[in-house]
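Data block below; observations after.
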Amino acid sequence: MSTAAALDVRELTFGDAIKEAIAEEMRRDPTVVLMGEDVAEAGTTFKVLTGLVDEFGKDRIIDTPISEAGFTGLGVGAAMAGMRPIVDIMFGDFLMIIMDQVANQAAKIHYMSGGKWKVPMVIRATMGATRRSAAQHSQSLHAWPSHIPGLKVVVPSTPYDAKGLFKAAVREDNPVVIFEHKISYRKVKGPVPEDDYIIPLGVADVKRKGTDITIVALSSMVQVALGAAKMLEEVGISVEVVDPRTTWPLDEKTLVESVKKTSRCIVMDEGYFRYGVTGEIASIIQEQAFYDLDGPVRRMGAMHVPIPFSPSLEDSTVPSERQVVDLAREMCNK
Amino acid sequence: MSTAAALDVRELTFGDAIKEAIAEEMRRDPTVVLMGEDVAEAGTTFKVLTGLVDEFGKDRIIDTPISEAGFTGLGVGAAMAGMRPIVDIMFGDFLMIIMDQVANQAAKIHYMSGGKWKVPMVIRATMGATRRSAAQHSQSLHAWPSHIPGLKVVVPSTPYDAKGLFKAAVREDNPVVIFEHKISYRKVKGPVPEDDYIIPLGVADVKRKGTDITIVALSSMVQVALGAAKMLEEVGISVEVVDPRTTWPLDEKTLVESVKKTSRCIVMDEGYFRYGVTGEIASIIQEQAFYDLDGPVRRMGAMHVPIPFSPSLEDSTVPSERQVVDLAREMCNK
Amino acid sequence: MTAAKKAASDIPTDKLIRLYDRMVAIRLFEERVNDLYTRALMPGLAHLYIGEEAIAVGVCEALNRKDYITSTHRGHGHCLAKGATPDLMFAELLGKEAGYCKGKGGSMHIADPATGNLGANAIVGGSAGIATGAAFASKYLKTGQVAVCFFGEGALGQGLLYEELNLAQLWQLPVIFVCENNGYNEYTHFSESTAGDVAKRAEAFGMANETADGQNVREVFAVASKYIERARSGGGPAFLQFKTYRYHGHHVGDIARAYYRPKAEEQEWVTERDPITLHGTWLMENGVATRAELDAIQEKLVVEMDAAVDFAVDASYPDPSKVTEDVYA
Amino acid sequence: MTAAKKAASDIPTDKLIRLYDRMVAIRLFEERVNDLYTRALMPGLAHLYIGEEAIAVGVCEALNRKDYITSTHRGHGHCLAKGATPDLMFAELLGKEAGYCKGKGGSMHIADPATGNLGANAIVGGSAGIATGAAFASKYLKTGQVAVCFFGEGALGQGLLYEELNLAQLWQLPVIFVCENNGYNEYTHFSESTAGDVAKRAEAFGMANETADGQNVREVFAVASKYIERARSGGGPAFLQFKTYRYHGHHVGDIARAYYRPKAEEQEWVTERDPITLHGTWLMENGVATRAELDAIQEKLVVEMDAAVDFAVDASYPDPSKVTEDVYA
Ligand SMILES: Cc1ncc(C[n+]2csc(CCOP(=O)(O)OP(=O)(O)O)c2C)c(N)n1
Ligand SMILES: Cc1ncc(C[n+]2csc(CCOP(=O)(O)OP(=O)(O)O)c2C)c(N)n1
Ligand SMILES: [Mg+2]
Ligand SMILES: [Mg+2]
């Protein structure tokens, strides 16, 4: 089980854990500011940051015009000039508007300048479907920044991880894109220590120990994998759930060791299935654990369609516990 | 060998094959226009379209302001309203500026409208490094659009394929992103029939038959693979080179059958190595040919760094024939 | 302004009545959306157009059926004003197979080729290029169609809009940019997000522009007619700003609004500036219609809207197998 | 204008000489770039600043060393004017380890924290946000630094610029947007890409702006000084347009230019409007310097530039193993 569950501490929602991480880092470092649309009095559209403006004021929790590229680019310059800005991209779908500033500018400046300039900034974006928000407000686009050298990409799945990883991201001297799963904001609760802890980027976490099959799951899929693991236990299949927590840097070693032990692997993610993160992770595992594999590494991702509005259509686009159970049983012939 | 080499026809450069495809489609269909920066009298920065404006005039070969997002969005609307625009994105790196119009708009409009609106447009972009153009003018970003449902993505490697695939793209009722390898424009020559032929999107081509190992190579990497294949022949390794030609739709069947036959596979591409197209293709192959594989599917891609300017650094970022030879020999123990 | 007032006084009677009829239709439609949403029958988000009806109606009544529009997240009014039927609209809002987009688009993506509706858009400012491109096609194909791009003042924050203003003016395209300035970008007053004077955003590109009262449907119609005909006859694009107000929250769930706008402000617009009340009163004062006639319009529409709601509620959801259809043409 | 002329006449002698010195330095540097490139010693592309020297020099001489600039693909002049040394510049252009960016950036990406150079940028308009952000940090951290964003008029086509103009004006940031209008976007005259009057692009956001002669270094210096001090003292941002001309091709390879601009036009600018000749003549006519003194400056710089070229040519390329360094801090 996750490092946190061990400790016995108060429970926070995923959203409150992120708010606490931001508040702690802003208290610690006066150069940290957060900017985005309706982040101040409104506390973001998701009400995740409610109250922060009261403590830090409008000079540090900054409402912006609807100019995602504009304030992201501004964040890059501010980061180069001595600050640690956090830019808030309400819906991850809007990353498409800011990719030049993120991937052509922020990601490359340190390298292009021969290591002279640094861009210590955090781009926080959301991900996740099933909110009936349709094709332009439901995507999980973490595969894109994961493809770009110079960026680090965080996909937390639990409140404990969210706080520790977010704090690490703020202290990073590199641009970090963090994807927050919208539905987890309120739905996922978990133990979160009140003290100041950091989870280094690039360290996977075994969310559940098991012996028969490894499920590598990211972000929202960790909960699905854990749910499926319970059901599979009843049919005698022991599942190990491994959460990379960051797609880059990627903790290949932990993933590969788990698979070498269980000999079976499913990689699951909520991003579009094709040319997404499961392809990279599954390839790495078969490259490094091929001779220990009992069969091919299998993958599950969002159905390769634009995300539909109608409830009768949308739910089927995201991998379900049922589907995981069926696939795992097939792979274990049980 | 490729379908074309069989025929005995005049040779064209990769660039001229594309120009011919565009000219033929513009003659055939008056609703086809091409717009971009310096495409008219200048014939593009790469001088690939020289002369087209003389035949079609400035109303159909249209110089635009430096507004990639602006004229791409305009292209989407024009496509919906009865035209077949081709938008020209000088350097593929600039795709980062237009992704919202390509991936949130063009890609989703048909689906979001329940199939009522169509977006028949072509986005032509370039790719490829080793031109000493540094980090913002050398990228190969085809992995991004390949991840987005609703788009088709073309990565031609020969003049013959370029003409046939481009013509097919113009006739498509869906948005198609075609990546043209800059260095191939002049460097790669090959037979191109003068007649009006189409290569359907989604059909791979076996560029070279072989029995010991399959190299799945895209775009610029096809030439590298073929070069390596010659060298490997000398050490008694028979290489089959398979070119998917389009990343989406993807001709899984041809790829998998080749690997089932040879039992070994390398997937190579000029895009960034991590979370790129090789991950998806390698995963598919190990999923479908696992029990025929002699060892893990191996991959080669651009080094995972921003592309450096200095010649002494840049060349090493792209896979070379030498590296392919070494890897293939290791895999075949020869 | 006076020119517009003058033109407004020349509007024929049947059109004056129709302007009223269409505004009431939108109002009744949106009231039912609010009801369906609060009864948890409507999934997703609902951004109501109540209070802004005069803009969609005044502009779309100046367009032909074949002319194009692009709409926004707050798009129900635009779609209805351009000719969409309430039953298929409600069906789409509820995610039903019978809806305009087979349930795949929902509230923020209503699209309908039959009425020239290129689609509502959930990306703020995201349709500026689409509208400009439709105008480009109209000019290239010589079809005489005009395209209208509706957007809220929040879209002034999106760089794409300026690229399109430049292209439209440079190439003299028949596109009208209609800025619906309701004073707020979600929960932020537009003065906190917008530097300078909005009209100057158009002058930056030498584009014809006019600012008018978005609560006066006759003025909107007169101003829109003037620039639409100008565009149709090759006079080039225009930028129109209409001052307006949304009575409800940014979306239905936005109830406690006091922290970003005063209740008194809301009250004033609702009581003093309501476009339907204002136009109704004008119709009666000018002897164009009697209270009874206006009530009759309302009753007719209530029946139509209730029937449309019933149709949508009874309609069936798309079969899950439909999820993979329509990805590619 | 007259205000600027007046201010220009108050420039102290040593500054007047320095303006000349810096322009000649850039001219000599670029002539050597042209030579290195045509001798195939320089990889990639070379966009020469020759003809536009007065802008970089006039503006940067009005800045402090700690002030920030962002530059463009045509950036050698900006970098030198802000204080970069020619030897490390040439070394970078040739892809040598000793270069400003260890050979990783090249001609289009010279950056140097020591002189406040946030970096040249190969994305047209791509640095508008970076400059605005540096100004944001300066205001937030109360460091008193001003940021200058250099860009060609082609960047007026990029939407990002307008988002930054709005943010800069809205938040009153100490950033100066310097539009170098040399009349061409690559091979297209800017009138074919730009609707309306450039100065109005700034007025759209209520931003202070001025248009001046980019070939008169004293005027550039005077205008720049005025708005830089204004920004430094909390007066907010400004947009300055300087009319200028590039003598050579868009890049060194662009030889046959007749199809996009007349030879006579080039000739006129070179002979009638050369910023170095004009300022040199003025210095002599006003008794500030003699021909001999100006020649001495030239000779001193020739020696410095030739030594810098030798340094760069002799410098070694980075070891291939360095390719994986500096990806992450
Ligand atoms: C690019 C983008 N950024 C942010 C959002 C989230 N969002 C939806 S509506 C809205 C406010 C829009 O304000 P305005 O344009 O004035 O339209 P109004 O809601 O007032 O009608 C925002 C920020 C979005 N949909 N797209
Ligand atoms: C976003 C983007 N689009 C296109 C290009 C290719 N390009 C490089 S320079 C240039 C022309 C720029 O013109 P201008 O801004 O006036 O600068 P000038 O070259 O005249 O100094 C273009 C189109 C680019 N680098 N970036
Ligand atoms: Mg608004
Ligand atoms: Mg220029």
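We name chains A, B, ... by the order of the sequence lines, and we start the count at 1 in each one.
The choice from D/Ala111, D/Gly103, D/Pro113 that makes the most heavy-atom pairs within less than 4.5 Å of chain A is D/Pro113. If you tally non-hydrogen atom pairs under 4.5 Å between each of A/Leu151, A/Leu74, A/Thr64 and chain D, the highest count goes to A/Leu74. The most heavy-atom pairs under 4.5 Å with chain A, out of D/Lys104, D/Gln145, D/Lys102, come from D/Lys104. Note on A/Gln105, A/Lys118, A/Lys152: by heavy-atom pairs under 4.5 Å with chain D, the leading option is A/Gln105. By number of non-hydrogen pairs under 4.5 angstrom with chain A, the leading residue of D/Ala137, D/Ala168, D/Ser138, D/Gly105 is D/Ala137. The choice from D/Leu173, D/Leu141, D/Ile123, D/Thr132 that makes the most heavy-atom pairs within less than 4.5 Å of chain A is D/Ile123.
Side-chain contact between D/Glu163 and A/Phe71 is absent, with no heavy atoms from C-beta onward closer than 4.5 Å. Counting heavy atoms from C-beta on, the side chains of A/Asn174 and D/Val327 never come closer than 4.5 Å. Residues A/Glu172 and D/Tyr328 fail the side-chain proximity criterion, which asks for heavy atoms closer than 4.5 Å. The side-chain heavy atoms of A/Ile62 and D/Phe136, taken from C-beta on, include a pair separated by under 4.5 Å. With contacts defined as side-chain heavy-atom distances shorter than 4.5 Å, the pair A/Ile109/D/His109 does not qualify. Side-chain contact between D/Glu325 and A/Tyr111 is absent, with no heavy-atom pair separated by less than 4.5 Å.
Once rounded to the nearest 0.5 Å, the distance linking CD of A/Gln101 with OG of D/Ser127 reads 9.0 Å. Within the model, atoms CG of D/Asp326 and OG of A/Ser113 stand 7.5 Å from one another, a figure rounded to the nearest 0.5 Å. With rounding to the nearest 0.5 Å, the separation of CE in A/Met112 from SG in D/Cys101 is 8.5 Å. In this structure, CD1 on A/Ile98 lies 11.5 Å from CG on D/Leu160, to the nearest 0.5 angstrom.
Heavy atoms from other residues, nucleotides or ligands lying under 6.0 Å from CG of A/Asp59 number 12 at most. Within 6.0 Å of NZ in A/Lys58 there are more than 12 heavy atoms belonging to other residues, nucleotides or ligands.
With a 4.5 Å cut-off on non-hydrogen atoms, A/Met35 touches chain D through its side chain but not through its backbone. Of the atoms belonging to D/Val175, not a single heavy atom falls under 4.5 Å from chain A. For D/Ile110, no part lies near chain A; criterion is any non-hydrogen pair under 4.5 Å. Heavy atoms closer than 4.5 Å to chain A are found in both the backbone and the side chain of D/Ala134. Looking at A/Val119, neither its backbone nor its side chain comes within 4.5 Å of chain D, counting heavy atoms on both sides.
A donor-acceptor pair is defined here as one N or O able to donate and one able to accept, closer than 3.5 Å; no such pair exists between the side chain of D/Tyr140 and the backbone of A/Ala78. The main-chain N or O of D/Gly119 is never found under 3.5 Å from a side-chain atom of A/Trp117 such that the two would form a donor-acceptor pair.
For A/Pro65 against D/Leu167, the heavy-atom pair with the smallest separation is CD-CD2, 3.4 Å.
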